[in-house]
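For reference, the structure discussed in these notes is given below.
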Amino acid sequence: MNNEQLTRISYIILMGFGFPIMRFTSLHFDTLNNNAVRCLAGGLFFILICLVKFCQELKKIFAEPTIIFSLLLLAVLMTSNMYFFINGLKYTSAVAGSIFGILAMPLAIIMAAIFFKDERQRAKQKRFYLGSVVAVIGSLLFVLFSDKSSENSDFILGSVFLATAIFIQSIMNLVVKQVSKRLHAIVISASTATLSGILYLILAIHTHTIEQLQNVSQVMLIGLGLAGIYGLLTGMLMAFYIVQKQGVVFNIIQLIIPLSTAVIGYFTLGEKINLYQGLGGIIVILGCILALKKIG
């Protein structure tokens, strides 16, 4: 097994743990506290990496005021995105989060096609729209056939939160595409996560939600911080590395993550999906494969 294959398998497994971890923290911490600690821990850890490896890139932020504005905008968008996403996981499941994560890919292309000429060619293809429609149908099946009959309204509400989160994420991608022309992706991630964490901390203090952390054990609090670092290392740093080194293979890898999440979610959280939800998940994946198929 070569290094590239090992990296792909590691990413699939690590991301498979990522969604159950976020689901677990969403059940044990208020959303404001959850995101404040995770974003600050992950963001500050990334800033340390940037100080060592990307010091010159950090100087660009202060040299160009427009970059500062873009990073602040990204922080606001990330704050909104994570609020809806964590609440969505709280009311649904780890697998639901990964399924909606896949749906974000064709949606991001649609949004990018509106504003960027180089993305319009793919969006013009009939297979792209057909695949996107199939994926949406699959996600609806996944949501509507949830076997949590007593909590069904909560599951649907959580699904609405997740859908809102991926819509905001598609807008974030537009800003990231512009900023990444002038700033390294890791510096963008570090700055955005830290600023978002500060915003969450301010909201938690203002609403007195922060006081709930006084009743949390140090072990749980440290675990929450480590979860934030874990999330950024896998979801951003490792993802960026694979995209940079292996290109379009990354989209295929992303499609396997719900399967990894389902297996790990079952053993760690005891989460189960029924036959119809499994079918819906498969339809989502097939729809996205069709939509993201390389133009030829």
Side-chain angles (χ1 to χ4, degrees), residues 11-12 15-16 18-19 77-78 80-82 84-85 88-89 92-146 155-178 180 235 239 242-243 246-262 273-296:
Y11 178 74
I12 292 168
M15 283 299 292
F19 287 100
L77 289 171
M78 182 175 179
S80 303
N81 167 261
M82 289 307 299
F84 285 108
F85 193 79
L89 283 177
T92 56
S93 65
V95 177
S98 64
I99 290 290
F100 276 85
I102 286 181
L103 280 174
M105 290 191 286
L107 178 60
I109 293 173
I110 292 172
M111 293 294 290
I114 296 173
F115 297 96
F116 297 104
K117 186 177 180 180
D118 60 334
E119 296 282 357
R120 286 179 195 146
Q121 188 60 37
R122 174 172 289 186
K124 287 179 181 178
Q125 302 294 312
K126 290 182 180 178
R127 72 164 71 96
F128 174 78
Y129 291 106
L130 178 61
S132 298
V133 170
V134 170
V136 170
I137 292 172
S139 67
L140 289 175
L141 285 174
F142 185 89
V143 172
L144 295 176
F145 284 99
S146 165
F155 195 92
I156 292 174
L157 175 63
S159 299
V160 172
F161 281 150
L162 290 174
T164 304
I166 67 168
F167 176 76
I168 295 171
Q169 183 182 326
S170 67
I171 298 173
M172 279 181 63
N173 291 339
L174 301 179
V175 183
V176 169
K177 182 165 183 173
Q178 288 286 67
S180 62
I242 295 173
V243 169
Q246 303 178 34
V248 294
V249 172
F250 182 69
N251 284 337
I252 299 170
I253 295 172
Q254 289 285 84
L255 297 174
I256 304 172
I257 289 174
L259 176 60
S260 173
T261 302
I273 59 173
N274 59 44
L275 177 63
Y276 296 107
Q277 281 188 296
L279 178 61
I282 292 171
I283 291 173
V284 170
I285 294 172
L286 292 176
C288 286
I289 289 173
L290 180 61
L292 299 171
K293 190 176 180 182
K294 188 176 180 181
I295 298 168

Enter the distance from [X]:[atom1] to [Y]:[atom2] here, rounded to the nearest 0.5 Å.
X: Thr92; Y: Leu157; atom1: OG1; atom2: CG; result: 10.0 Å
X: Leu162; Y: Phe155; atom1: CG; atom2: CZ; result: 8.5 Å
X: Phe161; Y: Phe100; atom1: CZ; atom2: CZ; result: 12.5 Å

Residues that [X] engages under side-chain contact (heavy atoms from CB on, under 4.5 Å), provided they are two or more places apart:
X: Ile285; answer: Ile102, Leu255, Ile289
X: Ile12; answer: Ile253, Ile256, Ser260
X: Ala94; answer: Phe19, Pro20, Arg23, Thr261, Glu271
X: Ile168; answer: Leu77, Ser80, Asn81, Phe84, Thr164

Cut-off 3.5 Å, no hydrogens considered: what does the side-chain donor-acceptor table look like for residues 131-141, sequence neighbours left out?
residue, atom, partner, partner atom, Å
Ser132, OG, Phe128, O, 2.8
Ser139, OG, Val136, O, 2.6

Original post:
Which atom names give the shortest non-hydrogen contact between Val95 and Ser98, and what distance separates them?
Top reply: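 Scanning both residues, the minimum pair turns out to be O-OG, 2.7 Å.
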
